[in-house]
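Working notes, beginning with the structure itself.
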Amino acid sequence: MEENINIPFEKLAQECNIINPEHPKEVIDKIIALSSDYPSEYLVLIYNYFFEHSNSYEVLMFLLQKIDKYKDKSSRGILIDSLVMKGKLSQRISDTDNLTRIRVNITKALANTKDSQAVYPLLYCLNSKEENYKVKLSCAEALGKIGDRYAVLPLMNLLEDESESSVYVKESAVSALGMIGDEKAVDSLVSILESKKGFLDKFTFLKERALEALNKISFKGDRVFNALVKSLRDESPQVRINAIEVLMNSEDERAIDLIKGMLADPNREVVQNAVIALFNILGNGILSEIINDDKSPSIAKNEALKLQDDLREEEIEEAKEKDE
């Protein structure tokens, strides 16, 4: 993009009544009209200037959508300053809820740029004890989407930080680690699954997110395997289901017998996922084996029969499409 472009920013801001509009819809219409007078490389600079000066929640949210659309590097500093409040955004937007919504959407815009320069300010907000928890959640998600491995260790430290009281923030950190996919995070994720009765057991969603994250990361070793075995005995059916999926994708030979053992689970959805996992690993043969085995629980047999029927219907539909 050209430097020192001669754009009358202040004049345009006055003409559009950017600073303190009484009717935000009219201001937005004027901003939209600028697209007929300026090319896109100029428009994004105008949007940046307007974003730094407007006091209207509605106008700022509109400008943020436009800035997010362009994903131009010229917007990075403005977005970061507004996120960490260096741009004094809080002085322009007095309503706390509206301020939070703007900052949450800023994190989403930064995530969409995939710019590693945003990692540090996102971590700064995520680790701030005074920060709004909605902003912290969105910062963790943004770090996962950006995928920079610099964020891995701080995210791991957050999981171990006992002063972080929000289990939802920790869930978001776990999900971010899964999105980044760095093997260094495995030990921290396994620690969640190994936790004894107490704080973590009250929030099974954290274990679910840890298993989902492990499913995206390559791992080996008995410690992880033993944690998965423990998860198969968890009180939460969803934790058991997630553990089955991780085992299915683990390529560990011991996984098959463990998953077969889950065919006797009292929860139908768990059994269904066990049948599907075995089918994905072993193919059609395992379905007949389950159906014909006198020791197979009735729920497992019914799920295997249902899957067989579904597969036949798919084959029939594919054959019809070929004939047509």
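Source: prediction; values computed, not measured.
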Tell me whether [X] is salt-bridged to [Y], with the criterion being a basic N under 4.0 Å from an acidic carboxylate O.
X    : Y    : result
R209 : E171 : yes
K73  : D115 : no
E289 : K260 : yes
K295 : D293 : no
K66  : D72  : no
E141 : K108 : no
R103 : E131 : yes
D234 : K207 : yes
K30  : E26  : no
R268 : E303 : yes

For this session: Check step by step if side chain to side chain contact (heavy atoms under 4.5 Å, CB included) holds for L228 and I244.
Result: CA-CA 8 Å; L228 293 174; I244 288 170; over 6 Å; no
Side-chain heavy atoms of [X] within contact of [Y], under 4.5 Å:
X    : Y    : result
F9   : I46  : yes
K306 : K301 : no
L193 : K230 : no
S74  : N48  : yes
R149 : I180 : yes
Y150 : L143 : no
I18  : F51  : no
V224 : V246 : no

Problem set entry | Set of salt bridge (charged side-chain N to carboxylate O under 4.0 Å, His left out) partners for D29, sequence neighbours left out |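 Listed in chain order: K25.
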Distance (rounded to the nearest 0.5 Å) between [X] [atom1] and [Y] [atom2]:
X    : Y    : atom1 : atom2 : result
Q272 : E269 : CD    : CD    : 6.5 Å
I290 : L305 : CD1   : CG    : 10.0 Å
I256 : L282 : CD1   : CG    : 4.5 Å
I67  : N105 : CD1   : CG    : 11.5 Å
L177 : K184 : CG    : NZ    : 10.5 Å
I276 : L307 : CD1   : CG    : 6.0 Å

For this session: Starting from the C-alpha separation in whole Å, work towards a yes-or-no answer on side chain to side chain contact (heavy atoms under 4.5 Å, CB included) for I299 and L263.
Result: CA-CA 8 Å; I299 296 178; L263 296 175; over 6 Å; no
Heavy-atom pair with the smallest gap, counting every atom of [X] and [Y]:
X    : Y    : value
R223 : V190 : NE-CG1, 3.6 Å
A118 : I80  : CA-CD1, 4.2 Å
A213 : G178 : CB-CA, 3.6 Å
L122 : A142 : CD1-CB, 3.9 Å
L64  : A109 : CD1-CB, 4.4 Å
A140 : S172 : CB-CB, 3.5 Å

Using the rule that Ile, Leu, Val, Met, Phe, Trp and Tyr join whenever any side-chain heavy atoms are under 4.5 Å apart, tell me whether [X] and [Y] fall into a single cluster.
X    : Y    : value
L43  : L60  : yes
L99  : Y57  : yes
L159 : L153 : no
L123 : M179 : no

Using only atom types and a distance under 3.5 Å, with no angle test, would you say the side chain of [X] pairs donor to acceptor with the backbone of [Y]?
X    : Y    : value
N215 : L211 : no
R240 : S231 : no
S128 : C125 : no
K114 : K145 : yes
D161 : N157 : no
N267 : V270 : yes
D95  : N98  : yes
N242 : E212 : no
S296 : N292 : no

Got more than 12 heavy atoms from elsewhere within 6.0 Å of [atom1], [X]?
X    : atom1 : answer
E10  : CD    : no
I19  : CD1   : no
Y124 : OH    : no
K134 : NZ    : no
E160 : CD    : yes
K11  : NZ    : no

For this session: For side chain to side chain contact (heavy atoms under 4.5 Å, CB included), just list the numbers for V271 and M262, CA-CA rounded to whole Å, side-chain angles, deciding distance to a tenth of an Å, and then say yes or no.
Result: CA-CA 6 Å; V271 175; M262 300 306 292; over 6 Å; no
For this session: Show your reasoning for whether side-chain hydrogen bond (donor to acceptor under 3.5 Å, both in side chains) applies to E245 and N249.
Result: CA-CA 6 Å; E245 185 173 359; N249 295 322; 4.5 Å; no
For this session: Look at the rings of Y70 and Y47 and say which category their plane angle falls in: under 30° parallel, 30 to 60° tilted, over 60° perpendicular.
Result: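 Correct class here is tilted.
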For this session: Could you walk me through whether L63 and Y49 pass side chain to side chain contact (heavy atoms under 4.5 Å, CB included), step by step?
Result: CA-CA 10 Å; L63 290 168; Y49 181 87; over 6 Å; no
